[in-house]
Each structure stands twice: as structure tokens, then as C-alpha cells.
Student: 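There's a structure below that I have some questions on.
This structure is a prediction, so every number in the text was calculated from the model and none was measured. Just so we're on the same page: letters track the sequence lines, and every chain starts at 1.
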Protein chains: 2
Amino acid sequence: MADLNTKQKIIKASIRLFNENGLANVRLQQIANEIGISPGNLAYHFRNKEAIIEAVDEDLFEEAAEILSTYRIFPNLIDFDNQLSKYYSFIQKYPFYFLDMLEIQRQYPEMHSKRQVQVCKMISQIHKRFAFNQSRGLILEEPRAGLYNEIAEAIWVLITFWVPQNLIRGSEASMNVLEFKQMIWNQVYPYFTDQGQAEFEQLIRPLLKQRSAGS
Amino acid sequence: MADLNTKQKIIKASIRLFNENGLANVRLQQIANEIGISPGNLAYHFRNKEAIIEAVDEDLFEEAAEILSTYRIFPNLIDFDNQLSKYYSFIQKYPFYFLDMLEIQRQYPEMHSKRQVQVCKMISQIHKRFAFNQSRGLILEEPRAGLYNEIAEAIWVLITFWVPQNLIRGSEASMNVLEFKQMIWNQVYPYFTDQGQAEFEQLIRPLLKQRSAGS
DNA sequence: GTCTATAGAGTGATAGAC
DNA sequence: GTCTATCACTCTATAGAC
């Protein structure tokens, strides 16, 4: 099936262009040029622009789902830190996936509802981490009912919009995964018990201090 | 000057349509229809689409600048709470202003740089609030160098993307200014001194408990 | 200041040869 | 599976009458 190859090339090129220009500003012509095929050929593989966007969305949806699935039965601090690293890579690789969410909602509502489910799952997963680590004695009793849910939602917003926000502010160069993770851990830190703080200092702090060294 | 009137009508209609459909999806024809004038007349008042977007941007830029200017010489907690209410109204009124930031950056770079300055000012203002209230004994010594700057940046992201994010998640109905302010105060609360906590409970907590009552 | 009419440059999608 | 050619349509911007 040689056509799978071209199909994949189209998807890859589309992702690249979507990232650079945004969904609404990418022309079918551009995609065709990018991989050296004709617009007619493009139409052979995808009946229209929406079909391309759908295919791209499915690919990225699955990649995001994989990250979500790394949530384990016993989610310790290291586990969360690893997941944060993965989220960072994902969002940096596909910023349009989040920045064009509103565009998708407006133009392709069906795709959007699938994502909403994923977002809810992500927030609830963060919330469960609080609950689990509370049972382990690392996190304080909830100081006020509903607080940890609010914090979980805040963490989601920060995970999702921190990287795009830095793109917008034009400080891409200085941004790195350590600053990102530091900022998320800032959200959790105030709610550690003494034991939680100790475990954090021992297991996580060293990971945040690495200079972005090679190897 | 009857033309000022039409000019204003064009700007108002544009804002409405930009909010609904996003910058890239609004047609000049649409704007003209919205206020019952012809596209030709539109062209008389604004030489092209970019000129309209510029005018809109200037209006909103000034409105945002006004909110920023309410920062006082002695910024106490109530002052910040008031400013938060104003930000909330602003962002809810003009969500596209933030969500289409990337679009603006891509298509109209000159406008964008003006905004970047404003964003920096906003973050630095939040940071100054920490410093000032630390000197008043309401905020703890910075537990780790740079922390309050990180928190200030997180607060900015949350202020800016919380409302749009709720739009995207489709929970507009349930969102209200109290939840919004509660979420921002969550960011500050862990760093209050005992005195800070006391002042917060006395002055701010009552404001967060109001049901969204009439009058 | 406002209109109608239209030019001119895309843009998405299709038909049909190879 | 890929191409060229082209249609039908949309959008911005302009020209010129009123």
C-alpha cells in the first residue's frame, strides 16, 4: 500500500503547516506544495480539507491519549513528573492543537466534543493524584472543600496554555521543560505534608535542578 | 461629524463578530450586513480589513490599559480584588482579544509588539503586589528566589486563559466572577503570613461568598 | 457619506487524461 | 496513484453614480 505513505506524508506536512500558520490559514495548495504533489492528488487521498484535519486530529488525539494512559494504579510523585515531561514535549510539538481549539469548536463541532471528554479525563486524573497522595500522607487534608478540584483545574490551564503563552510572548528560546515543571510543582508544593515535602525534596527537586545537559 | 457614528458602529459590530467567529473567519460583507451598510461604504471608513482590526485593537488596548492603571501607589488586597473583577469583565466581554493573539501575531506583527509590552507590565504589576504586601507583613519572605515571579506569571496565564478555557470547555453557564477570583486568590493564599490570612479572611473572603445576587 | 457594480486574486473541489 | 486543467465560488478592494 504505497498510498499509506503519501497519506502519512500529507498528515505530517499538514501538522507542520498548522503549527506555523494556524488551521484557518493553511491552504490545500500549500500542503500539496510542501510535499511536492498536486492538489488533485491531495484530493485523491482526502476528499476535502475537513477530512485532513480529522485525520490529523485523530493522530494527535491518540498521542495525547497515550500520555494520559501512563497514569498508573499507584501514581507517585515521580510518575507525575514523568507525565509532565511528556505533556511538555507534546504541547511544544503541536501548539496549534491547543491554540486552535476554539477554531475547531467553531468550525468542526463533532471533533470538539471528543476533545472535551479528554480534557475532563485529564483534570480528573490530576485530581485523583491529590486524593491518592493524600491517602499516602504526602498531601494535606483538603483545607477547604473543593480546593483540590480548583487547583486541578488551574494546573490543567497552566499545562495547556503555558507553552503557547510563551510562544506568544516570544520567549521561546528561554523556555524549557524544567521551568515548565517547576511552575506546575509550584501549584502542588503548598499542600504537601512534611513527609510530602521531604519526598519531594529527595525525589523531584534534583530533577528540577538539572541543567539541560546532553546525554 | 456623522461619520464618527458609523465608524463606531463598524467597530462595535466587528468586535461582536470577532468574538463569535474569530478574526480570520469574519468577512467584510458580514460586518457591513451586521449594521446594514454596503461593503463600499465600509471601505470609505476603513481602507481595508487590517485598518478595522487596528481600530478595534486600539479601543480594546485602551480599555485594558485603563484597568492596568487602577493599580495604586498602595495596592492593598481589596485593590487587587477589584482589579480582578475588572479583568474578568473585560476578558468575558472580549474573549477573542486573547484567543486570537496568535492570529494577530502571525498576521499583524506590529500590533502584537504593543501588546507584549502590556503583558509584561501586567505581570510586573502582579509581582509588585507581592513585594508591596511582603513589606506590609502580609506576605511571607520569598521561600525560594524567583518563586514570586513564577507565581506572578502563573497568575497571568490563569487570568488570561481561564475564561477562554471555560468557553472552550462549554461551561459558560456555570462560570462566574466569584469562581474566577477564588481561583486567583488560591494562588496567593499559601504565601500569606498569619496577618495576611487574617486580613484576607476579614476583607476578601466575604466578597467571595456573595451569591451572584441582584442589585 | 452612501450606494451599486465589478474587477482581480485566491481557494476548494472536480473531471478526466496518463 | 498522480497529474493538468478548470469550474464555481468567495473575498477584498476599487470605480463611479447619486
Side-chain angles (χ1 to χ4, degrees), chain A residues 1-59 96 100 102-111, chain B residues 1-58 96 100 103-111:
Chain A
M1 307 272 180
D3 86 294
L4 276 181
N5 202 350
T6 301
K7 240 180 163 135
Q8 285 307 316
K9 272 204 275 186
I10 292 170
I11 292 177
K12 258 191 104 176
S14 300
I15 290 175
R16 211 175 320 133
L17 290 168
F18 289 158
N19 269 327
E20 277 168 34
N21 310 310
L23 275 183
N25 299 313
V26 174
R27 308 299 150 205
L28 295 183
Q29 187 67 253
Q30 252 180 301
I31 299 175
N33 290 345
E34 185 82 4
I35 50 177
I37 65 169
S38 67
N41 192 8
L42 224 174
Y44 171 79
H45 291 285
F46 296 96
R47 74 129 109 355
N48 56 26
K49 191 177 176 181
E50 180 164 357
I52 297 178
I53 296 174
E54 252 171 50
V56 167
D57 190 69
E58 258 170 58
D59 268 29
F96 88 95
D100 280 339
L102 191 69
E103 179 71 11
I104 288 175
Q105 182 185 32
R106 288 190 285 229
Q107 309 283 326
Y108 319 99
E110 339 70 52
M111 269 180 257
Chain B
M1 310 264 179
D3 86 293
L4 276 182
N5 202 350
T6 301
K7 240 180 163 134
Q8 284 308 315
K9 272 203 275 185
I10 292 170
I11 292 177
K12 257 190 104 177
S14 301
I15 291 174
R16 211 174 321 133
L17 290 168
F18 289 158
N19 269 326
E20 278 168 35
N21 310 311
L23 275 182
N25 298 313
V26 174
R27 310 298 152 205
L28 296 184
Q29 185 68 253
Q30 253 179 301
I31 299 174
N33 290 345
E34 184 83 3
I35 50 177
I37 66 170
S38 69
N41 191 9
L42 223 173
Y44 171 80
H45 291 284
F46 296 95
R47 82 122 106 339
N48 55 26
K49 191 178 175 180
E50 179 164 359
I52 297 178
I53 295 174
E54 252 173 48
V56 166
D57 189 70
E58 259 172 55
F96 88 95
D100 281 339
E103 179 71 13
I104 287 175
Q105 182 185 30
R106 287 191 285 229
Q107 308 284 327
Y108 318 99
E110 340 70 51
M111 269 180 254

Student: Mind calculating the distance between CD (A:Gln107) and C1' (C:dG12) to the nearest angstrom?
Tutor: 14 Å
Student: Looking only at side-chain atoms of A:Ser38, point me to the closest of C:dG12, D:dT12, D:dT4.
Tutor: D:dT4
Student: Please check the phosphate of C:dG1 (OP1 and OP2 only) for any side-chain N or O of B:Tyr44 closer than 4.0 Å.
Tutor: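 Yes.
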Student: Please report the distance, rounded to the nearest Å, between NZ in B:Lys49 and P in D:dT10.
Tutor: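 These atoms are roughly 16 Å apart.
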Student: Take atom CZ of A:Phe46 and atom P of C:dG12, then tell me their distance rounded to the nearest Å.
Tutor: 15 Å
Student: Would you indicate which nucleotide in C:dT14, D:dA13, C:dT11 comes nearest to any side-chain atom of A:Arg27?
Tutor: C:dT11
Student: Whether the A:Asn25 and A:Gln30 side chains hold a donor-acceptor pair (N or O, under 3.5 Å, no angle test) is what I'd like checked.
Tutor: no
Student: In whole angstrom, what separates A:Asn41's CG from C:dC18's C1'?
Tutor: 13 Å
Student: Nearest-Å distance, CD1 (A:Ile52) to C1' (C:dG12)?
Tutor: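 Taking atom C1' of C:dG12 as the reference, CD1 of A:Ile52 is at 11 Å.
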Student: It should be established whether A:Thr6 places a side-chain nitrogen or oxygen under 4.0 Å from OP1 or OP2 of nucleotide D:dG1.
Tutor: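 Checking A:Thr6 against D:dG1: no side-chain N or O falls below 4.0 Å of OP1 or OP2.
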Student: Just the rounded figure in Å: distance from P of D:dC9 to CG of A:Asn48.
Tutor: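 Whole-Å distance recorded here is 17 Å.
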Student: To check you understand the geometry: which heavy-atom pair defines the closest contact between B:Ile52 and B:Ile31, and what is its length?
Tutor: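 Distance-wise, the nearest heavy atoms are CD1-CD1, 4.3 Å.
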Student: Taking CD1 from A:Ile31 and C1' from C:dG12, how many angstroms apart are they, rounded to a whole number?
Tutor: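 Interatomic distance, CD1 of A:Ile31 to C1' of C:dG12: 11 Å.
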Student: Tell me, with the steps shown, if B:Phe96 and B:Val56 meet side-chain contact (heavy atoms from CB on, under 4.5 Å).
Tutor: CA-CA 11 Å; B:Phe96 88 95; B:Val56 166; 3.8 Å; yes
Student: Considering non-hydrogen atoms only, spot the tightest contact between B:Ala55 and B:Phe46 and give its length.
Tutor: CB-CE2, 3.7 Å
Student: A:Phe18 and B:Arg106: which non-hydrogen atoms are nearest, and at how many Å?
Tutor: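 A:Phe18 and B:Arg106 have their closest heavy atoms at O-NH1, 4.3 Å.
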Student: Counting side-chain heavy atoms from C-beta on, which of C:dA13, C:dT14, D:dT12 comes nearest to A:Leu28?
Tutor: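 From the listed options, C:dA13 comes nearest.
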Student: From the set D:dT12, C:dT2, D:dC3, return the single nucleotide nearest to any side-chain atom of B:His45.
Tutor: C:dT2
Student: In whole angstrom, what separates A:Leu42's CG from C:dT11's C1'?
Tutor: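 It works out to 13 Å between those atoms.
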Student: Please determine if a side-chain N or O atom of A:Arg47 lies less than 4.0 Å away from the OP1 or OP2 oxygen of C:dA13.
Tutor: no
